Amino acid sequence: MTVIPSGAEESLTTSETSSDVSRSTRCARSGQALNVAAAPLLNGCNVTLPLDMTKGLFASLNVYRDIASRSAALNMAVDEALLETAEIPTIRFYTWDHPALSFGYFGKFADVENHASQRDLARRWTGGGIVFHGDDLTYSIVIPATEPAFSESSRSIYERIHNALRDALVSEGRDAVVATVADRGSGVSDADYNGHCFANPVRADVLSNGRKIAGAAQRRTRRGLLQQGSIQSIQLANKFADQFANELCSERYHKTLDEHLISRAHEIADEKYGAASWLQRR
């Protein structure tokens, strides 16, 4: 998915115009990442990784298996609440209480309005295209601004996460590769694109048998970086989420969302993702 901030999500496509990407990358490399204004990011670029990033991405990782099925607005809000509060890198796996559709920050409501009678709609804080949810495994990763990985370029982080996802799939005996050459969607900016994310693989998306099965979207703020991703059209083992988390970091802590965070998420959902002013803003 190229998919989701003050909440966000494509089949999760990263959402930033090419000029925004280059600006945020320059800032990260010059040590000014904390001064970058919140902006959706563009996914899938060719990046040369530093040697110290060739192993696990994080020193430690909080893992949330959010077994409660939630509405589309609340799922977006929980991710934003985690971005506000996470002190170490965090991954959350979650599902949807009924069929849903998320579309990117720059998307047009008119392009998805006809699905409203069948699906729960949500505008993501991140950019990208249209992503259908219900049978997919959706995840979000939060990297606090205090983490060393945050200083890496958004492109590098996107590719590293998808390398870990590919390795987890291969460990299950699945055919999976990280795309090395951009496909049809690679030249389309989020400002004028709201197509079906999984029909438009780009560099560093995950493919299986030539078909896109995983994409993601990002937003970088002064607090940290949020990546939201979706894995679709492939049967996953029950242990897959744990294997994916293990590929990201060997030192993991399994957590449960606490009442304070859920309460904050409900506030965000009421004020933002569940409001017509946000959903129909374009």
Side-chain angles (χ1 to χ4, degrees), residues 1-4 9 11-12 14 28 33 41 43-45 47 49-67 78-79 82-83 85-95 126 136-174 176-179 203-208 213-220 223-232 234 236-257:
M1 146 190 184
T2 307
V3 179
I4 318 169
E9 198 201 343
S11 316
L12 296 172
T14 321
L41 306 170
N43 74 341
C45 297
V47 178
L49 299 176
L51 292 178
D52 61 357
M53 291 290 287
T54 58
K55 298 297 183 182
L57 185 56
F58 312 117
S60 59
L61 180 69
N62 281 343
V63 180
Y64 293 88
R65 292 295 300 271
D66 193 0
I67 60 175
V78 171
D79 284 346
L82 284 170
L83 181 61
T85 60
E87 296 181 350
I88 70 169
T90 295
I91 187 167
R92 169 182 171 241
F93 297 98
Y94 56 95
T95 57
T126 55
D136 60 327
L137 176 62
T138 313
Y139 71 88
S140 62
I141 292 176
V142 170
I143 305 174
T146 53
E147 277 294 309
F150 180 78
S151 65
E152 295 296 316
S153 73
S154 299
R155 297 165 177 175
S156 174
I157 292 169
Y158 186 88
E159 188 164 2
R160 287 301 323 290
I161 291 172
H162 274 181
N163 283 339
L165 176 54
R166 173 207 57 205
D167 291 347
L169 288 166
V170 170
S171 72
E172 282 193 349
R174 303 284 184 176
V177 297
V178 173
R203 183 179 179 86
D205 282 343
V206 181
L207 310 179
S208 180
I213 60 169
Q218 296 177 346
R219 177 174 283 266
R220 184 184 289 269
R223 291 181 179 272
L225 182 141
L226 169 68
Q227 175 160 321
Q228 294 167 310
S230 175
I231 307 163
Q232 303 195 1
I234 189 168
L236 300 171
N238 291 333
K239 65 179 182 180
F240 176 77
D242 287 335
Q243 182 61 37
F244 180 19
N246 183 59
E247 295 292 343
L248 290 168
C249 178
S250 59
E251 185 174 332
R252 302 176 310 283
Y253 304 93
H254 291 272
K255 301 285 186 176
T256 302
L257 298 174

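Note that the coordinates shown come from a computational prediction; the quantities given were computed from them, not determined experimentally.
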Got a second to check how far [X]'s [atom1] is from [Y]'s [atom2], nearest 0.5 Å?
X: L248; Y: I141; atom1: CG; atom2: CD1; answer: 5.0 Å
X: C249; Y: N62; atom1: SG; atom2: CG; answer: 9.5 Å
X: S151; Y: L225; atom1: OG; atom2: CG; answer: 11.5 Å
X: D136; Y: I231; atom1: CG; atom2: CD1; answer: 8.5 Å
X: I161; Y: I91; atom1: CD1; atom2: CD1; answer: 7.5 Å
X: D167; Y: E172; atom1: CG; atom2: CD; answer: 12.5 Å

What's the shortest heavy-atom distance between [X] and [Y], and which atoms?
X: A168; Y: S171; value: O-OG, 2.6 Å
X: A204; Y: V178; value: CA-CG1, 3.4 Å
X: P89; Y: F58; value: CG-CD2, 3.5 Å
X: I88; Y: S60; value: CD1-OG, 3.8 Å
X: L61; Y: T90; value: CD1-N, 3.8 Å
X: E152; Y: R220; value: O-NH2, 3.0 Å

Does the R160 side chain pair with the main chain of Y158, one donor and one acceptor, at a distance under 3.5 Å? no
Are more than 12 heavy atoms, taken from residues, nucleotides or ligands other than E87, located less than 6.0 Å from that residue's CD atom? no
Is the shortest side-chain heavy-atom distance between [X] and [Y] below 4.5 Å?
X: L169; Y: I234; answer: yes
X: H162; Y: D205; answer: yes
X: Y64; Y: V78; answer: no

Trace of the side chain to side chain contact (heavy atoms under 4.5 Å, CB included) decision for N246 with R252: CA-CA 7 Å; N246 183 59; R252 302 176 310 283; 2.8 Å; yes
What's the verdict on side chain to side chain contact (heavy atoms under 4.5 Å, CB included) for L257 and R92, showing C-alpha distance, side-chain angles and the deciding distance? CA-CA 10 Å; L257 298 174; R92 169 182 171 241; 4.3 Å; yes
How would you list, by chain and number, every residue that makes a salt bridge (charged side-chain N to carboxylate O under 4.0 Å, His left out) with E251, sequence neighbours excluded? none
If the plane angle is over 60° it's perpendicular, under 30° parallel, otherwise tilted; pick one for F244 and Y139. perpendicular
Side chain to side chain contact (heavy atoms under 4.5 Å, CB included) between I143 and Q227, worked out: CA-CA 9 Å; I143 305 174; Q227 175 160 321; over 6 Å; no
I want to check a possible cation-pi pair here: R223 against F150, using under 6.0 Å from ring centre and within 45° of the ring axis as the test. no
